[in-house]
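Provided herewith is a single structure, encoded as structure tokens, for subsequent inquiry.
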Amino acid sequence: MGEPTIVGVFVSDVEATLTFYALLGFAFTREDPQHCHLRSPNGMQIMINDERLAPRMGVREPFTAGGRTSLGIRCATAAEVDEIYTRCAEEGFGAVAPFDAPWGHRYATVRDPDGSRVDLYAVLPAGPDH
């Protein structure tokens, strides 16, 4: 069986998306004006691609805002979830304010400039780690 290693995100404005991810504390490596990536310590990568690259990558159908996919960002503490959410909400990216979820996480959702979900979470004491 294969191993998931890359999450690819097509965006309408690479610069605006990089500014959004900077609010989350991430700095991407820029390969060219239409493509950049971030490698996490565990090896997983997030690739940001200008949507104009999609046809060259075999994507034929148009993109819709938000979609059904979300990116999950694990934070070290519940306070960090709150802090990042507040920073993003002040810039207009807030979606679901932080709350203590019944599954044992401090949880919040922000939306990137294209409307895609980015879920922020931190494991609460006695909560499951997943």
Side-chain angles (χ1 to χ4, degrees):
M1 178 169 75
E3 177 183 357
T5 58
I6 298 171
V7 174
V9 181
F10 287 94
V11 301
S12 60
D13 184 334
V14 173
E15 292 304 322
T17 300
L18 293 178
T19 299
F20 166 78
Y21 278 101
L23 291 170
L24 300 176
F26 297 114
F28 281 73
T29 300
R30 195 70 181 257
E31 294 184 11
D32 61 53
Q34 294 183 306
H35 175 78
C36 52
H37 71 276
L38 171 77
R39 184 184 303 271
S40 72
N42 69 6
M44 179 66 85
Q45 291 185 76
I46 301 172
M47 301 283 191
I48 301 294
N49 298 298
D50 187 301
E51 67 187 9
R52 292 171 291 187
L53 291 176
R56 292 183 11 214
M57 299 173 80
V59 177
R60 303 289 179 241
E61 62 279 347
F63 294 108
T64 59
R68 294 180 183 227
T69 302
S70 65
L71 179 63
I73 305 294
R74 180 180 176 166
C75 300
T77 65
E80 185 180 20
V81 171
D82 295 355
E83 175 189 323
I84 293 171
Y85 178 85
T86 298
R87 192 166 53 233
C88 290
E90 288 172 351
E91 297 295 325
F93 298 114
V96 178
F99 65 98
D100 291 341
W103 54 87
H105 292 166
R106 182 69 172 169
Y107 206 84
T109 300
V110 294
R111 291 197 179 268
D112 76 7
D114 288 305
S116 296
R117 294 174 56 105
V118 177
D119 298 321
L120 309 169
Y121 75 95
V123 178
L124 294 171
D129 184 11
H130 64 277

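Just the heavy atoms: all of them, side chains too, but no hydrogens, waters or symmetry mates, feed the values below. Model, not experiment: these values are computed from the prediction.
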Between Gln34, His37, His35, which is the residue that forms a side chain to side chain donor-acceptor pair (under 3.5 Å) with Asn49?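 So, applying the side chain to side chain donor-acceptor pair (under 3.5 Å) to Asn49 and each of Gln34, His37, His35, only His35 qualifies.
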Any side-chain heavy atom of Val14 sitting closer than 4.5 Å to one from Pro33?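 They are not in side-chain contact.
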If you group Ile, Leu, Val, Met, Phe, Trp and Tyr by side-chain heavy-atom gaps below 4.5 Å, do Ile46 and Ile6 land in one group?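 Not linked; separate clusters.
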Let me confirm one number: the CG-CD distance from Asp50 to Glu15, rounded to the nearest 0.5 Å.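 The CG atom of Asp50 sits 10.0 Å away from the CD atom of Glu15.
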Heavy-atom pair of closest approach, residues Leu120 and Cys75: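 The answer is CB-SG, 4.4 Å.
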Look up atom CG in Asp119 and atom OG1 in Thr109, then write down how far apart they are to the nearest 0.5 Å.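 With rounding to 0.5 Å, CG (Asp119) is 4.0 Å from OG1 (Thr109).
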Heavy atoms only: give me the nearest Ala97-Ala108 pair and the separation to one decimal.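 Closest approach of Ala97 to Ala108: C-CB, 4.2 Å.
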Passes side-chain contact (heavy atoms from CB on, under 4.5 Å), Arg106 versus Thr77? Steps please. CA-CA 8 Å; Arg106 182 69 172 169; Thr77 65; over 6 Å; no
Between Met44 and Phe10, is there a shared hydrophobic cluster once you connect ILVMFWY residues whose side-chain heavy atoms come closer than 4.5 Å?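 No: no chain of side-chain contacts under 4.5 Å links Met44 to Phe10.
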Are the side chains of Pro113 and Asp13 in contact, using a 4.5 Å heavy-atom criterion?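 With C-beta onward as the side chain, the pair stays apart.
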Are any of the side-chain heavy atoms of Val110 and Tyr85 separated by less than 4.5 Å?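 Result yes, sub-4.5 Å side-chain heavy-atom pair found.
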Under the criterion salt bridge (Lys or Arg N to Asp or Glu O under 4.0 Å), I'd like the reasoning laid out for Arg87 against Glu91: C-alpha separation, chi angles, the key distance, then a yes or no. CA-CA 7 Å; Arg87 192 166 53 233; Glu91 297 295 325; over 6 Å; no
Can you say whether the rings of Phe26 and Tyr21 are parallel (under 30°), tilted (30 to 60°) or perpendicular (over 60°)?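 Answer is tilted, since the angle falls between 30° and 60°.
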Restricting to non-hydrogen atoms, name the atom on Arg52 and the atom on Pro55 that form the minimum distance, rounded to 0.1 Å.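 In terms of heavy atoms, the two residues are closest at O-CD, 3.5 Å.
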Tell me the closest heavy-atom pair linking Pro4 and Gly2, and the distance in Å.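 Closest heavy-atom pair between Pro4 and Gly2: CD-O, 4.1 Å.
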In sequence, state the C-alpha distance, the side-chain angles, and the governing distance for Asp114 and Ser116, and then conclude on side-chain hydrogen bond (donor to acceptor under 3.5 Å, both in side chains). CA-CA 6 Å; Asp114 288 305; Ser116 296; over 6 Å; no
Using every non-hydrogen atom in the two residues, find where Val11 and Val9 come nearest and quote the distance to one decimal.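 Between these two residues, the closest heavy atoms are CG1-CG1, 3.7 Å.
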Could you state whether Ile84 and Val123 fall into the same hydrophobic cluster, counting links through intermediate Ile, Leu, Val, Met, Phe, Trp or Tyr residues with side-chain heavy atoms under 4.5 angstrom apart?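 Different clusters: Ile84 never reaches Val123 through Ile, Leu, Val, Met, Phe, Trp or Tyr contacts under 4.5 Å.
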Show, in sequence, the C-alpha distance, side-chain angles and deciding distance for Leu124 and Asp100, and conclude whether the side-chain contact (heavy atoms from CB on, under 4.5 Å) test is met. CA-CA 8 Å; Leu124 294 171; Asp100 291 341; 3.8 Å; yes
Would you name the heavy atoms of Ala78 and Ala122 that are closest together and state the gap between them?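 Closest approach of Ala78 to Ala122, heavy atoms only: N-CB, 3.6 Å.
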For residues Trp103 and Val81: do they belong to one hydrophobic cluster (side chain heavy atoms under 4.5 Å, members Ile, Leu, Val, Met, Phe, Trp, Tyr)?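 No, Trp103 and Val81 fall in different hydrophobic clusters.
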Are Val7 and Phe20 in one and the same hydrophobic cluster, where Ile, Leu, Val, Met, Phe, Trp and Tyr link if side-chain heavy atoms are under 4.5 Å apart?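 Yes, one cluster joins them.
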Would the distance check show the side chain of Asp112 and the main-chain N or O of Thr17 forming a donor-acceptor pair, the cut-off being under 3.5 Å?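 Here the side-chain-to-backbone pair does not exist.
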side-chain contact (heavy atoms from CB on, under 4.5 Å) evaluation trace for Arg30 with Leu18: CA-CA 10 Å; Arg30 195 70 181 257; Leu18 293 178; 3.3 Å; yes
Once you round to the nearest 0.5 Å, how far does OG1 of Thr5 lie from CE of Met47?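 Interatomic distance, Thr5 OG1 to Met47 CE, rounded to 0.5 Å: 8.0 Å.
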